Amino acid sequence: MRISFSTAALYPRPSLEALFLLGKTGYGEAELMPQCMEETKPEFAKETAKTGIWVSSIHFPLVFFSVLYNPYPGMMKEARIMAEEMARSAEIMKSEVVVVHALPKMDAIKARLFEEPVIEVLRTLADKLKLAGARLAVENNPSTLGDTPQGLLESLEKINHVNAFPMVDTTESWEAGIDPAYFIRLARPIHLHLSDHAGDQKHIPAGQGEGDWKAILSALKEIDYSGIYVLEPAYRHYQEDVEAKLRLARKSLDIFL
């Protein structure tokens, strides 16, 4: 089991500091969530090698989704530049996966304006990643067209690219009212974000909430999942006693093996 940890959970620490911290606490892999423009560029990717941890996946920066999902011609140009730079960064870091969210839900008028331009940019990103040896993973989310397994697969059909694949976030599945084990069996993800939930609390560290992790891991075995298990809790859980909590998180899935 390849267990990774998202730098997003260590916000607002600088990403390089977060990577050093993960290496220090037993992780061999990490998912990088760039938090500023500098961290989307190849020059920054070269700096990550000094941390001694493999950035095996990248999450397209949430702070720049308004660039990625934008039909304005100038912003589409910016999005293509960012896509190219992130693909070059993925190649430098030998990242296997770059994560984006499924297309947002839109009314008919907005969909006519936004959908095709956004899909065009996502195809550009998928093209660049294929050349870099990485895959584009499209994440489920209750506020997007990927809120259900069927919706996620239909969203991928819209993108219609050989290098675009489904991925599953367990908390986002629960928030949409869907059992993650069911979601996994239908979507057959190539990538995972793992966190727990308890009532209306979301992105709790895995194993510390109400989730049925044995069922989730059983579903992953059924589909012969061979990807990365990325722990992605909310950063509010990692403001104190960080090193001890990271070591505990690293072992959180061991009891289910």
Side-chain angles (χ1 to χ4, degrees), residues 6 8-9 11 31 33 35 57-71 97-115 118-119 121-122 125 135-160 164-213 215-217 219-220 223 225 227-237:
S6 172
Y11 177 87
E31 179 164 292
M33 167 79 83
Q35 298 291 347
S57 59
I58 307 168
H59 195 309
F60 196 95
L62 292 179
V63 292
F64 295 126
F65 270 9
S66 57
V67 176
L68 186 63
Y69 300 112
N70 195 317
V97 172
V98 172
V99 174
V100 296
H101 287 183
L103 293 166
K105 293 178 181 177
M106 298 175 278
D107 60 38
I109 293 175
K110 193 171 182 180
R112 284 199 298 271
L113 291 172
F114 277 73
E115 196 166 271
V118 170
I119 288 172
V121 172
L122 289 175
L125 178 57
R135 294 186 287 181
L136 181 67
V138 181
E139 183 179 352
N140 61 304
N141 184 285
S143 63
T144 71
L145 298 179
D147 55 348
T148 66
Q150 297 86 349
L152 182 60
L153 295 175
E154 288 170 7
S155 186
L156 282 159
E157 287 178 6
K158 287 178 180 286
I159 297 171
N160 189 27
F165 303 88
M167 67 159 288
V168 172
D169 181 305
T170 53
T171 288
E172 305 297 354
S173 180
W174 277 310
E175 190 175 9
I178 299 173
D179 176 7
Y182 172 80
F183 210 123
I184 287 164
R185 289 188 181 96
L186 269 65
R188 303 185 71 85
I190 62 132
H191 194 62
L192 291 172
H193 284 168
L194 302 177
S195 60
D196 220 325
H197 78 118
D200 60 355
Q201 297 181 62
K202 53 184 290 187
H203 291 294
I204 297 170
Q208 296 183 25
E210 301 170 355
D212 186 347
W213 290 95
I216 291 169
L217 292 170
L220 291 168
I223 68 165
Y225 180 75
I228 311 163
Y229 294 72
V230 181
L231 299 171
E232 195 200 40
Y235 66 85
R236 67 177 180 274
H237 299 289

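Heavy atoms only: backbone and side chains are in, while hydrogens, waters and symmetry mates are out. Just so you know, these numbers come straight off a predicted model, no measurement behind them.
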Mind checking side-chain contact (heavy atoms from CB on, under 4.5 Å) for [X] and listing every partner two or more places apart, or none if nothing turns up?
| X | result |
| --- | --- |
| Val98 | Ile58, Ala90, Leu129 |
| Arg112 | Ala108, Ile109 |
| Leu186 | Pro149, Gln150, Tyr182 |
| Leu113 | none |

Checklist outcome for this item: ring pair (Phe, Tyr, Trp, His ring centres under 6.0 Å) filter on Tyr235, not counting sequence neighbours, yields Tyr11
Next on the checklist: Once ring pair (Phe, Tyr, Trp, His ring centres under 6.0 Å) is applied, do any residues pair with Tyr229, and if so which ones, sequence neighbours excluded?
Outcome noted: Tyr225
For a quick test of reading the model, state the closest non-hydrogen atom pair linking [X] to [Y] and the distance between them.
| X | Y | result |
| --- | --- | --- |
| Pro142 | Ala176 | CB-CB, 4.0 Å |
| Met33 | Pro61 | SD-CA, 4.0 Å |
| Ala111 | Met106 | N-CB, 3.9 Å |
| Val168 | Ala187 | CG2-CB, 4.3 Å |

Can you tell me how far [atom2] of [Y] sits from [atom1] of [X], rounded to the nearest 0.5 angstrom?
| X | Y | atom1 | atom2 | value |
| --- | --- | --- | --- | --- |
| Ile184 | Met167 | CD1 | CE | 10.5 Å |
| Ile216 | Ser173 | CD1 | OG | 8.0 Å |
| Leu68 | Leu62 | CG | CG | 11.0 Å |

Taking the side chain as everything from C-beta on, heavy atoms only, tell me whether [X] gets closer than 4.5 Å to [Y].
| X | Y | answer |
| --- | --- | --- |
| Phe65 | Phe60 | yes |
| Leu194 | Val230 | no |
| Leu192 | Ile228 | no |
| His59 | His193 | yes |
| Thr144 | Leu103 | no |
| Phe165 | Val138 | no |
| Asp169 | Trp174 | no |
| Thr148 | Ile178 | yes |

Checklist entry - With sequence neighbours left out, which residue pairs that include part of residues 102-111 fulfil the side-chain hydrogen bond (donor to acceptor under 3.5 Å, both in side chains) condition? => result Lys105-Asp147
Item to check | Side-chain donor or acceptor of Asn140 paired with backbone N/O of Gly146 under 3.5 Å | outcome: no
Apply side chain to side chain donor-acceptor pair (under 3.5 Å) to [X] and list each qualifying residue two or more places apart in sequence or on a separate chain.
| X | answer |
| --- | --- |
| Glu115 | Lys158 |
| His197 | none |
| Arg185 | Glu222 |

Next on the checklist: For a quick check under 3.5 Å, do Glu31 and Ser57 share a side-chain donor-acceptor pair by atom type?
Outcome noted: yes
If you look only at distance, which donor and acceptor atoms sit under 3.5 Å apart when one is on a side chain in residues 198-206 and the other is two or more places apart or in another chain?
| from | atom 1 | to | atom 2 | distance (Å) |
| --- | --- | --- | --- | --- |
| Lys202 | NZ | Glu175 | OE1 | 2.6 |
| His203 | ND1 | Ser195 | OG | 2.9 |
| His203 | ND1 | Glu232 | O | 3.3 |
| His203 | NE2 | Glu172 | OE2 | 3.3 |

